[in-house]
Amino acid sequence: MKDYRKLSAEEIQVLENNSCWAENWDRVMVADGFRPYNFHRVVFYGDIRLGIFEKMIEVAKGFEKHSGINDATLRNVTVGDNCLIEKVGNFINNYAIGDDCYISNISTMETTDGASFGEGHLVSVLNEMGDGNVVLFHDLNSQLAAFMVKYFKDKQLKDCLTRLINEEIRFTQPERGTIGNGVKIINSKEITNTVIKEDCEINGAARLSDCTILSSKDDSVYIGTGVICENSIISNGCSITNSVKMQDCFVGEACQITNGFTAEASVFFANSFMANGEACAAFCGPFSASHHKSSLLIGGEFSFYNAGSNTNFSNHAYKMGPMHYGVLERGTKTASGAYVLMPAKIGSFSVCFGKLMNHPDMRCLPFAYLLAYGETMYIVPGRNITTVGLYRDIKKWPKRDKRAASSRKSIINFDWLSPFTVGEIVEGKKILENLRQAGGNNVSSYNFQEYIINASSLKKGIKYYDIALRIYMGAVLKRAVKGGFLGKPDSTVGLGQWNDLSGLLLPATEEQRLLDDIKNGTIESIREVIDRFNEINDHYREYQWTWTYQMILDYYGLDELTDSAIQRIREDYVKARRAWIAEIRKDAEKEFAMGDVDQDVFDDFISKLDHEIDYED
């Protein structure tokens, strides 16, 4: 706590000579080392605390001004060391401002009674007219939000989580608005009931009301021209620019929202990009993207997803070229749990993973294409396993994580083959084999619920699924050998179904254990809930090995994992991996033959495929 003293008579005289005035000079307290010479036309009301003003402040590249306060009205304000505050059109009221801040050409900055700073608001995602299911607060991450949405009908759990979050807010919320160290706020109009953390830059914002901006020195936030943000929380590393309008939202780490995008009652997590369009009651998990004016994300749950224009849900036409945005890898689902598919029209297609649109309770054929010709829907199972697009996505997503190491709240597991996806592949392969057994080998197509699978597609689907299974088992076995945990697992944690909590892959049993511990009071703070998510993620490889060990025994019909079995798995892994790369090469050659890809792009991609053999050992 900094020590303050009253102004001397000489200091008051200097201030008054510089056209400064105070309602009561006795309530203007200053730090030791304070000098009054860099204050001009300043009006003080209420309790004022001032630091020292002895450094130059860079206001533009190559242009520095001396720290101080000019042309401003302050009421109940604390100002740290070496700040420059000037041209405040209205006033700054009830605020604590840190060190080394630059505040210029603003209208109003104020904290009013009952300020929430954007925390504690209950918003409804997935169901825009329904009861609230996500509580916004500073430590929210994609796992906790997904957990709240998933179990929002469990009143006991909902009440427990709400109580824990409210306790956290009560312990951490400041009494008035605060501005952290190194903050720059210029050319902005209204900032009300907003907490702004370190090294944030706000330039040209129209209104920030009841918000918390979680900027930091190594992962700063930028808010630009025309932005209106109300009852929202913005996390480290974000950029909100170009007339974005946002209300009742949470924006996770390293997200970019720009170009007139509007959002209401929505959450966006880790590395999402939103421009031009609109979101309402949307759950946008890690790496969600929307680029087009005609895109409306409403009542859906998205992850590793690119929303195209109008009904074009993903730009699959771009594969090798730089315009490719990626495939629908983890899923896009509605409040009912059904995955959104394209409208039936000739030539339309989508990637299916998870559940079918008309059968939300039924597991689907993973990595499949759905094609519509008139009123007839076809499934091409497993096709996306061997595409250029998927291969590029596997490589690109980890590289596109822009978050600083110190601010990675949301957990993202980048494994494209995991117990979660491979469990679906195992079930998908069984479905295809059962269809073939029931229909025989001499038919042209098979009926699966209300969908058609051509015989050739079914045969290839089984092949592609088997390739993926053998790649997965070999890769996990190789990791187990290198990690020194090869052998029968010591624990059963990891067996059974696995789930995806918006980036965290975990055994369903661990998810249930967390749920029970919250409801029975074993977990006593929201921090412990978040720590549990991290703990589960830290044990991912251990749980994965437990699941995979049993899968290997089942797949190969073994009672135990012998040396000869390990050798066979390794041989199958190498063969499957080479077959996978060969199929991707075919897909690349087909695209190149269409004339849409330049020779150098094609050659570079093929060169990368040629080097895949380096990763076999």
Under-4.0 Å salt bridge between Glu511 and Lys150: yes
Between Ser288 and Met274, is any pair of side-chain heavy atoms under 4.5 Å apart? yes
Residues Asn413, Leu504; criterion side-chain contact (heavy atoms from CB on, under 4.5 Å); working and verdict: CA-CA 6 Å; Asn413 188 320; Leu504 170 64; over 6 Å; no
Decide, yes or no, whether a salt bridge links Asp139 with Lys409 under the criterion of side-chain N to carboxylate O below 4.0 Å. yes
Side chains of Glu201 and Tyr102 only: does a donor on one sit below 3.5 Å from an acceptor on the other? no
Is there a donor in the side chain of Ser124 and an acceptor in the side chain of Asn133, or the other way round, less than 3.5 Å apart? no
Donor-acceptor contact below 3.5 Å, side chain Ser142 vs main chain Ser502: yes
Candidates Asn259, Asn276, Thr225 - the one meeting side-chain hydrogen bond (donor to acceptor under 3.5 Å, both in side chains) with Asn242: Asn259
Would Asn94 and Arg176 count as having a side-chain donor-acceptor pair, cut-off 3.5 Å? no
Under a 4.0 Å threshold between the charged nitrogen and the carboxylate oxygen, would Arg527 count as salt-bridged to Asp531? yes
When rounded to the nearest 0.5 angstrom, what is the spacing between CZ in Arg403 and OG in Ser410? 6.0 Å
Any donor-acceptor pair under 3.5 Å linking the side chain of Ser188 with the backbone of Ile186? yes
Less than 4.5 Å apart, side chain to side chain, heavy atoms only: is that true for Tyr45 and Asn76? no
Short N-O contact, Glu528 and Arg532, less than 4.0 angstrom: no
Using a strict 4.0 Å threshold on nitrogen-to-oxygen distance, state whether Asp393 and Lys396 make a salt bridge. yes
If the threshold is 4.0 Å, N to carboxylate O, is there a salt bridge linking Asp81 and Lys2? yes
Electrostatic pair Glu198-Lys217, nearest N-O below 4.0 angstrom: no
Between Ser215 and Ser220, do the side chains contain a donor N or O and an acceptor N or O under 3.5 Å apart? no
Electrostatic pair Arg541:Asp415 at N-O distance under 4.0 angstrom: yes
Do the side chain of Thr78 and the main chain of Ala96 share a donor and acceptor less than 3.5 angstrom apart? no
For residues 49-63, dump all side-chain donor-acceptor pairs below 3.5 Å to protein atoms at least two apart in sequence or in another chain.
none

Would you say Thr258 and Gln256 are linked by a side-chain donor-acceptor pair, where the criterion is simply a distance under 3.5 Å? no
Got a sec: does the CG of Asn520 have more than 12 other heavy atoms crowding it under 6.0 Å? yes
Do Ile234 and Ile223 come within less than 4.5 Å of each other through their side chains, counting heavy atoms only? yes
Just checking Lys189: does its NZ atom have more than 12 heavy atoms from other residues, nucleotides or ligands closer to it than 6.0 angstrom? no
Hey, would you say the Phe283 and Phe269 ring centroids sit under 6.0 Å apart? yes
Take Val183 and Lys197 through the test side-chain contact (heavy atoms from CB on, under 4.5 Å) and record every step on the way to the result. CA-CA 8 Å; Val183 170; Lys197 299 290 187 178; over 6 Å; no
Minimum side-chain heavy-atom gap Val134-Phe152 below 4.5 Å: no
Determine whether a donor-acceptor pair (N or O, by modelled atom type, separation under 3.5 Å) exists between the side chain of Asn537 and the backbone of Tyr540. no
Reported CD1-to-OG1 distance for the pair Ile179 and Thr194, which is rounded to 0.5 angstrom: 8.0 Å
Step-by-step salt bridge (Lys or Arg N to Asp or Glu O under 4.0 Å) determination, Glu230 to Lys245: CA-CA 8 Å; Glu230 300 174 334; Lys245 294 179 176 63; over 6 Å; no
Heavy-atom side-chain contact between Asp159 and Gln156 under 4.5 Å: no
Expected output: side-chain Ser19 to main-chain Arg41 donor-acceptor under 3.5 Å: no
State, with a plain yes or no, whether a side-chain heavy atom of Leu501 is found less than 4.5 Å away from one of Asn499. no
If we only count heavy atoms from C-beta on, is the Leu7 to Phe34 side-chain gap below 4.5 Å? yes
Under 3.5 Å, is there a donor on one side chain and an acceptor on the other for Thr112 and Asn193? yes
Using a strict cut-off of less than 4.0 Å between a Lys/Arg side-chain nitrogen and an Asp/Glu carboxylate oxygen, indicate whether Lys184 and Asp199 qualify as a salt bridge. no
If only atom types and distance count, is the side chain of Ser406 paired as donor or acceptor with the main-chain N or O of Ala404 below 3.5 Å? no
Are Asp154 and Lys158 close enough for a salt bridge, meaning some N to O gap below 4.0 Å? no
Just verifying a value: how many Å separate Leu208 CG and Ile191 CD1, rounded to the nearest 0.5 Å? 5.5 Å
Take Ser272 and Cys255, measure what side-chain contact (heavy atoms from CB on, under 4.5 Å) needs, and give me the verdict at the end. CA-CA 5 Å; Ser272 289; Cys255 291; 3.8 Å; yes
Just by distance, do the side chain of Asn90 and the backbone of Ser107 share a donor-acceptor pair under 3.5 Å? no
Taking Pro286's backbone N and O only, do any of them form a donor-acceptor pair with Asn271's side chain (distance below 3.5 Å, no angle check)? no
Does any donor atom in the side chain of Asn187 or Asn105 lie under 3.5 Å from an acceptor atom in the other side chain? yes
Do Ile165 and Met148 pass the side-chain contact (heavy atoms from CB on, under 4.5 Å) test, and can you show the C-alpha distance, the side-chain angles, and the key distance before you say yes or no? CA-CA 12 Å; Ile165 291 171; Met148 286 191 278; 4.1 Å; yes
Using a strict threshold of under 4.0 Å (side-chain N to carboxylate O), is an ion pair present between Arg75 and Glu23? no
Are any of the side-chain heavy atoms of Ile394 and Phe414 separated by less than 4.5 Å? no
Tell me whether Ser235 contacts the main-chain N or O of Val251 through its side chain, where contact means a donor paired with an acceptor under 3.5 Å. yes
Under 3.5 Å, is there a donor-acceptor pair between the Asn70 and His40 side chains? yes
For the pair Ser67 (side chain) and Asn82 (backbone), establish whether a donor and an acceptor sit closer than 3.5 Å, ignoring hydrogens and angles. no
Does atom NZ of Lys519 have more than 12 heavy-atom neighbours, drawn from other residues, nucleotides or ligands, at distances under 6.0 Å? yes
Return yes when atom CG of Asp3 has more than 12 non-hydrogen atoms of other residues, nucleotides or ligands closer than 6.0 Å, and no otherwise. no
Modelled atom types, side-chain donor and acceptor of Trp25 and Glu16, under 3.5 Å: yes
Aromatic ring pairing Phe304/Trp397, orientation class (parallel under 30°, perpendicular over 60°, tilted between): perpendicular
